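First up is the structure itself, then whatever we jot down about it.
Small disclaimer: the values here were computed from a predicted structure and weren't measured. FYI, side chains are in, hydrogens and waters are out, and symmetry mates aren't considered; it's all heavy atoms of this structure.
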Amino acid sequence: MNNQDQFKYTTGVIGFPLAFVIILWLIFWFEVRFGFSFNDLGVYPRTLSGLKGVVFSPFVHGSMEHLYHNSIPLFVLSMALFYFYREISWKVIGYGILLSGLLTWFIARPSYHIGASGLIYVLMSFILFKGIFAKHFRLIALSLLVVFLYGSMIWYVFPIKEKVSWEGHLSGLIIGFVFALFFRKSIAKPKKYAWEQPNYNEDDDPFLKHFDENGNFIETLPEESEIVEEHKPRLKITYHIRRSSKD
């Protein structure tokens, strides 16, 4: 797949992330409007009933502030995912939810872990490390942008704030890094120039032939001038002599 096909805008680039965020807000509105609480659908570590949170926890939030702080990075990062990694975007999201949730279920402290932050850390980690590993200038630029916008998120993989699932953040970071190593296909490859090819011979390079052994530039090569002289059209002049009628 060439880079032009890889980096192609479609309505899904904005449509899918926007729909995902709207669903999260509708679920939260339903809880508030009808007095429900879906917190028990979160991940509860090392219990059989807590496994349901592996699937449902990203859709449940404890407060409007919690949901608001997750909505913006989720929208931005998933939009970047659908544009730059379109071929594997759904795999990263689907497997990211399941595997980060399972890892949280294994390592987290006994409590309900809810929110889309685990998926956000999967996306942040994957986009960051994949751009570095791919060595493509656009993907590297995207990685630097992620560092600039969300680099401070790295602190929240440590237990520095109460009532924050740092275990879910850490799980997402780890899974995103693993995905960056695992997903190698359908990724834009950096353009390789002639001198980067394994069979490159500088003696056959048409550009380097324009330099002599002292590094001086030669505008016209000898063989080129011979070709020009060989194919140079000859000018033929024909004289027509007419006698005057008075003669």
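Heavy-atom neighbours of Phe38 CZ from other residues, nucleotides or ligands within 6.0 Å: above the threshold of 12. Other residues, nucleotides and ligands contribute at most 12 non-hydrogen atoms within 6.0 Å of the CZ atom of Phe148.
Under the 4.5 Å side-chain heavy-atom criterion for grouping Ile, Leu, Val, Met, Phe, Trp and Tyr, Val21 is connected to Trp29 within one hydrophobic cluster. Both Trp166 and Val122 are members of a single hydrophobic cluster when ILVMFWY side chains are connected at heavy-atom separations under 4.5 Å. By the criterion of side-chain heavy atoms lying less than 4.5 angstrom apart, applied directly or through intervening Ile, Leu, Val, Met, Phe, Trp or Tyr residues, Phe20 is grouped together with Leu18 in one hydrophobic cluster. One hydrophobic cluster holds both Phe56 and Ile120 under the rule that ILVMFWY side chains link at heavy-atom gaps under 4.5 Å. Under the 4.5 Å side-chain heavy-atom criterion for grouping Ile, Leu, Val, Met, Phe, Trp and Tyr, Tyr150 is connected to Leu142 within one hydrophobic cluster.
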Pair Val146-Leu123, side-chain contact (heavy atoms from CB on, under 4.5 Å): steps then yes or no: CA-CA 10 Å; Val146 168; Leu123 299 179; over 6 Å; no
Worked verdict on Arg86 versus Val13 for side-chain contact (heavy atoms from CB on, under 4.5 Å): CA-CA 8 Å; Arg86 177 167 48 92; Val13 171; 5.9 Å; no
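Ile160 meets the side-chain contact (heavy atoms from CB on, under 4.5 Å) test with Trp155, Tyr156, Phe158; sequence neighbours excluded.
Taken to the nearest 0.5 Å, the OG atom of Ser89 stands 13.5 Å off from the CE atom of Met79. Note that CZ of Phe82 is 11.0 Å distant from OG1 of Thr11, once rounded to the nearest 0.5 Å. Of the inter-residue distances, the one linking Phe179 atom CZ with Ile88 atom CD1 reads 9.5 Å to the nearest 0.5 angstrom. Atom CG in Leu139 sits 10.0 Å away from atom CD1 in Ile127 (nearest 0.5 Å). Here the CZ-CG distance, from Phe126 to Leu181, works out to 10.5 Å after rounding to the nearest 0.5 Å. Rounded to the nearest 0.5 Å, atoms CD1 (Ile175) and CG (Leu170) are 10.0 Å apart.
For the pair Phe16 and Ile93, the minimum side-chain heavy-atom distance is 4.5 Å or more. At least one side-chain heavy atom of Ile27 sits less than 4.5 Å from a side-chain heavy atom of Ile23. In this structure, Ile97 and Val55 have side chains that are not in contact, with every pair of non-hydrogen atoms separated by 4.5 Å or more. The side-chain heavy atoms of Phe59 and Phe28, taken from C-beta on, include no pair separated by under 4.5 Å. The shortest side-chain heavy-atom distance between Met64 and Val32 does not fall under the 4.5 Å cut-off. Looking at Pro110 and Arg46, their side chains come closer than 4.5 Å, going by heavy atoms from C-beta outward. Residues Leu77 and Leu149 fail the side-chain proximity criterion, which asks for heavy atoms closer than 4.5 Å.
The two residues Pro58 and Val54 come nearest to each other via the heavy atoms CD-O, 4.4 Å. Counting all heavy atoms, side chain and backbone alike, Asp40 lies closest to Lys52 at O-CE, 3.2 Å. Between Gly176 and Ser125 the shortest heavy-atom distance is C-OG, 3.4 Å. Residue Ala116 comes nearest to Leu24 through the heavy atom pair CB-CD1, 4.4 Å, listed as atom of the first residue, atom of the second, then distance. Between Gly131 and Ser143, the shortest heavy-atom distance links the atoms CA-OG, 3.2 Å.
In this structure, Ser57 contributes its side chain and Ile114 its backbone to no donor-acceptor pair below 3.5 Å. Although no hydrogens or angles enter the test, the distance criterion places no donor-acceptor pair under 3.5 Å between the side chain of Ser100 and the main chain of Gly172.
Ring geometry for Phe129 versus Phe177: interplanar angle over 60°, hence perpendicular rather than tilted (30 to 60°).
Sequence neighbours left out, not one pair with a member in residues 60-84 passes salt bridge (Lys or Arg N to Asp or Glu O under 4.0 Å). Counting only residues at least two apart or in different chains, salt bridge (Lys or Arg N to Asp or Glu O under 4.0 Å) contacts with residues 105-123 comprise Arg109-Glu167. Listed by first and then second residue, the ring pair (Phe, Tyr, Trp, His ring centres under 6.0 Å) pairs that reach into residues 94-120 are Tyr44-Tyr112, sequence neighbours excluded. Here side chain to side chain donor-acceptor pair (under 3.5 Å) pairs that include residues 114-124, with residues two or more places apart or in two chains, are Ser117-His169.
Residues Tyr85 and Phe183 keep their aromatic ring centres 6.0 Å or farther apart.
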Show me, pair by pair, the donor-acceptor contacts under 3.5 angstrom made by side chains of residues 67-76, not counting sequence neighbours?
| from | atom 1 | to | atom 2 | distance (Å) |
| --- | --- | --- | --- | --- |
| Asn70 | ND2 | His61 | NE2 | 3.2 |
| Asn70 | ND2 | His66 | NE2 | 3.4 |
| Ser71 | OG | Trp25 | NE1 | 2.9 |
| Ser71 | OG | Leu67 | O | 2.7 |

